[in-house]
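Atom set for the values below is all heavy atoms of this structure, side chains included, hydrogens, waters and symmetry mates excluded.
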Number of protein chains: 2
Amino acid sequence: MTDLPKRPLTLRDVSEASGVSEMTVSRVLRNRGDVSAATRDKVLEAAKELGYVPNKIAGALASQRVNLVAVIIPSLSNMVFPEVMSAISDVLEDTPLQPVVGVTNYKTDREEKVLYEMLSWRPSGVIIAGIEHSDASKAMLRGAGIPVVEIMDTDGTPIDNAVGISHRRAGRMMAEAIIRKGYRKIGFLGTKMPLDHRARKRFEGFTEALAKAGHEISDQEFYEGGSALAKGREMTEAMLKRSPDLDFLYYSNDMIGAGGLLYCLENGIDVPNDVGLAGFNGVELLKGLPKQLATMDSCRDEIGRKAAEIILSRVEDEDTAKGGQKIELTPTIERGDTMRPRSTEAAYPE
Amino acid sequence: MTDLPKRPLTLRDVSEASGVSEMTVSRVLRNRGDVSAATRDKVLEAAKELGYVPNKIAGALASQRVNLVAVIIPSLSNMVFPEVMSAISDVLEDTPLQPVVGVTNYKTDREEKVLYEMLSWRPSGVIIAGIEHSDASKAMLRGAGIPVVEIMDTDGTPIDNAVGISHRRAGRMMAEAIIRKGYRKIGFLGTKMPLDHRARKRFEGFTEALAKAGHEISDQEFYEGGSALAKGREMTEAMLKRSPDLDFLYYSNDMIGAGGLLYCLENGIDVPNDVGLAGFNGVELLKGLPKQLATMDSCRDEIGRKAAEIILSRVEDEDTAKGGQKIELTPTIERGDTMRPRSTEAAYPE
DNA sequence: TTGGGCCATGTTACCGCTGACTTGGCTTTC
DNA sequence: GAAAGCCAAGTCAGCGGTAACATGGCCCAA
């Protein structure tokens with residue numbers, strides 16, 4: 001079936017095996033141009049027989065087309081990003097484009113490096129998480145001359161296109177909902193900010209809206225690393241012991257929120273009456289907890305989908321007006337079982 | 001800073017800007033060969049000034065070296081695989097090699113397609129999950145003439161190298177531990193098998209060891225899709241209602257096990273005395289549940305690490321005896337809080 | 001002084017494939 | 001029956017780098 005000398009096969013091998021020119025083989029393998037049925041069959045058979053796999057490196061160089069889309073995200077262990085990836089893959093599934101992931105671990109220097117690596121493969125487009133980048137990264141993105149979509153966050157000025165939600169607004173929306181339900185003594189639990197701009201913006205929006213309603217955060221705590229569920233549990237315990245009068249805890253993500261929820265349930269705290277809880281992201285993973293945590297859907301599926309579509313349309317239609325779009329999606333609050341159904345004070349109309 | 005005509009930059013642009021030959025620029029950019037400090041600085045400055053990003057496509061074609069390692073896994077939403085990815089990335093971090101992921105969604109035809117795509121980029125090695133592949137995939141892997149490591153599973157004959165655990169043995173070990181602790185009426189809850197060979201093998205090993213000890217599975221149920229936590233909860237409820245005399249539930253993964261655990265706790269079932277529970281994988285994510293689910297560590301970190309090291313050594317040392325290795329790691333049982341500390345019947349010595 | 005050696009740089013020939021153009025044979029048309 | 005048209009296949013010149021070899025200037029030993 002195969003012979004020993006492991007020299008990789010080339011078009012020439014197939015062309016010799018099938019008695020036609022390399023060009024014809026190339027045409028057959030790409031379904032391009034007119035080739036007679038007889039020739040086509042002959043070539044396909046020879047290719048299969050030999051086990052020929054085309055060399056995209058050479059193909060890409062010759063045709064100046066590399067059908068890859070670079071997708072740059074902070075982490076794979078956050079669940080949120082694999083979900084976006086899936087949506088992107090879905091859209092690109094039946095197109096010539098193919099996503100390739102790069103992971104930055106939330107580090108600016110890694111982002112620069114990963115971006116450089118990716119761009120050196122001359123992809124057809126870039127989808128990159130976040131709207132904050134180093135100057136060097138921005139320069140690279142601008143200079144690449146390919147469509148760029150910044151995703152997840154719209155609070156800022158995109159380089160080209162952006163699809164996401166306003167995290168500042170998300171924080172505000174949640175604060176307003178919490179106040180509207182009559183909660184007043186509010187604690188915030190989140191990640192250490194410098195790492196995560198979106199969490200920071202939610203926090204800012206949150207405090208801002210509280211302030212506007214004449215309230216402020218009564219207690220706050222930030223964590224780093226470790227198992228989020230366990231951290232949520234620990235932090236909640238610490239905070240409730242320190243500030244027993246709190247009546248609401250807002251978590252910067254669902255996992256720590258779930259940890260907090262478990263803690264409260266175990267300790268006989270009446271959720272949502274004594275204490276209300278809310279997280280952020282709306283992760284599917286947590287469906288099945290004893291109570292459903294209030295949260296806010298971050299539109300990950302739609303973000304991935306739209307981002308991929310933008311790249312796609314730009315690639316298919318080279319001359320589309322180079323004007324970038326900014327698409328701000330609207331997250332929805334899912335009240336779950338950890339927020340009172342409505343205000344006990346009717347401070348705001350529902 | 002940049003000019004309008006968006007023709008991508010080439011070595012020639014840099015060479016003209018710095019007044020040396022293309023070759024010298026190439027040498028500088030790759031730190032190869034002797035270049036005087038003065039020239040080096042001149043070139044680097046010009047490159048930065050222009051914002052030049054080398055074209056790896058051309059470089060790879062010319063040098064016949066593509067420093068990519070294809071990593072082919074079934075899913076990104078399983079947590080298990082991102083963890084393996086991280087380990088691989090860690091090892092390759094400071095080497096010229098770079099991992100590239102492909103996702104098969106547990107489908108054989110997708111695997112074939114993804115593999116073909118990846119191989120057409122002529123990677124330096126392949127790391128692929130599982131040891132079961134279609135004939136076509138096997139042929140491709142064999143024909144590629146590059147190191148291949150099949151990971152996660154060692155129950156079978158590897159194409160080249162394999163690193164993983166024996167899932168049959170893992171199932172057996174868990175069955176033995178369960179019996180040893182004195183449990184007798186055992187239920188199994190898992191995924192529909194055809195999708196997942198490793199889950200199937202654990203099931204087989206499990207039943208086999210039970211049989212050897214003179215027992216058999218008293219009830220079983222299989223699910224597909226949906227949120228694992230919720231599914232675990234539902235299935236547990238259904239099973240315990242149907243077979244109230246069960247005293248142990250073995251879950252094919254930790255997520256459904258956690259769902260079951262939550263169900264039991266809420267319904268006042270005494271875990272681990274009335275009913276013992278165990279899952280599989282040892283996922284970090286779940287640390288923080290009310291009780292720690294008994295599970296078995298699947299050695300994901302070490303698997304990723306070893307696989308990457310094998311590829312690395314083979315790439316660095318082209319002529320290493322082409323003999324593939326098969327590394328079987330030994331998973332360890334973590335008893336957690338959902339298995340009795342020891343047998344009440346002393347059927348086996350601990 | 002002169003030949004040998006060495007270092008920094010340049011020259012040349014590809015890598016495997018594709019775009020654009022060319023060729024040759026056969027059909028069509030009047 | 002000859003010009004025109006068309007289809008299938010072939011030729012050739014790169015794509016943007018890099019390996020391997022060639023070159024020229026300088027230093028040093030004999």
Nearest to the side chain of Arg30(A), which nucleotide is it out of dG19(C), dG16(C), dT9(C)?
-> dG19(C)
Count the heavy atoms belonging to other residues, nucleotides or ligands that lie under 6.0 Å from CD of Glu45(A), then report whether that count exceeds 12.
-> no
Using atom CG of Asp34(B) as one end and atom C1' of dC6(C) as the other, report the distance to the nearest whole Å.
-> 10 Å
Please list residues of residues 53-67 of chain A whose heavy atoms come under 4.0 Å from any atom in DNA chain C, ordered by number; otherwise none.
-> Asn55(A), Ala58(A), Gly59(A), Ala62(A), Ser63(A), Arg65(A)
Using only heavy-atom distances, determine whether the side chains of Glu22(A) and Ser15(A) contain a donor-acceptor pair under 3.5 Å.
-> no
State whether a side-chain donor-acceptor pair under 3.5 Å links His133(B) with Glu150(B).
-> yes
Kindly say if Tyr52(A) contacts the phosphate of dC17(C), meaning a side-chain N or O under 4.0 Å from OP1 or OP2.
-> yes
Does a nitrogen or oxygen in the side chain of Thr10(A) sit under 4.0 Å from OP1 or OP2 of dC15(C)?
-> no
Report the distance from atom CE of Met23(B) to atom P of dG10(C), rounded to the nearest whole Å.
-> 11 Å
Picking from dG10(C), dG10(D), dC17(C), the nucleotide nearest the side-chain atoms of Thr24(A) would be dG10(D)
At under 4.0 Å, does any side-chain N or O of Ser26(A) touch on OP1 or OP2 of dT18(C)?
-> yes
Quick one: pull up OG1 in Thr154(A) and CG in Asn161(A) and give me the separation to the nearest 0.5 Å.
-> 13.0 Å
Side-chain donor/acceptor contact of Arg27(A) with base of dG19(C) under 3.5 Å = no
